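I have placed the structure first, in the form of structure tokens, so that the comments after it can refer back to it.
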Amino acid sequence: MALPTVRRGVALGLGVLWWCAVLRLALAPDAGVLEGAVVAGGWGVSLLPVHCVPKGRAAGAMGAGRWRSAWRIAHVTTASPLRRSDAGSGPS
């Protein structure tokens with residue numbers, strides 16, 4: 001039971017530290033690089049995908065060999081030939 005309490009305490013402490021850095025950066029004229037680094041780091045951590053699931057449990061995830069087989073088959077299809085600019089636009 002102590003582990004969830006410690007995690008919440010650490011998260012709360014880091015959140016308070018981040019907000020102090022944000023307010024100091026916005027309001028204090030002598031705020032500097034340290035506050036900016038704390039704010040940018042906290043913002044960067046917020047971009048982490050925390051709601052991910054393992055690939056095996058994800059809905060619609062491709063199996064390990066499907067990408068290889070898809071790339072192996074891809075060489076069979078070819079694009080349309082390029083039209084030449086002097087070939088005209090059709091029958092005249």
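Excluded from the calculations below are hydrogen atoms, water molecules and symmetry mates; all remaining heavy atoms, backbone and side chain alike, are included. Predicted model, so just to flag it, every value in this text is computed and none were measured.
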Once side chain to side chain contact (heavy atoms under 4.5 Å, CB included) is applied, do any residues pair with Trp19, and if so which ones, sequence neighbours excluded? Val22
Trp43 and Trp18 have their tightest heavy-atom pair at N-NE1, 3.8 Å
Under 3.5 Å, sequence neighbours excluded: what are the donor-acceptor pairs made by side chains of residues 27-41?
from: Glu35; atom 1: OE1; to: Gly32; atom 2: N; distance (Å): 2.9
from: Glu35; atom 1: OE2; to: Arg24; atom 2: NE; distance (Å): 2.6

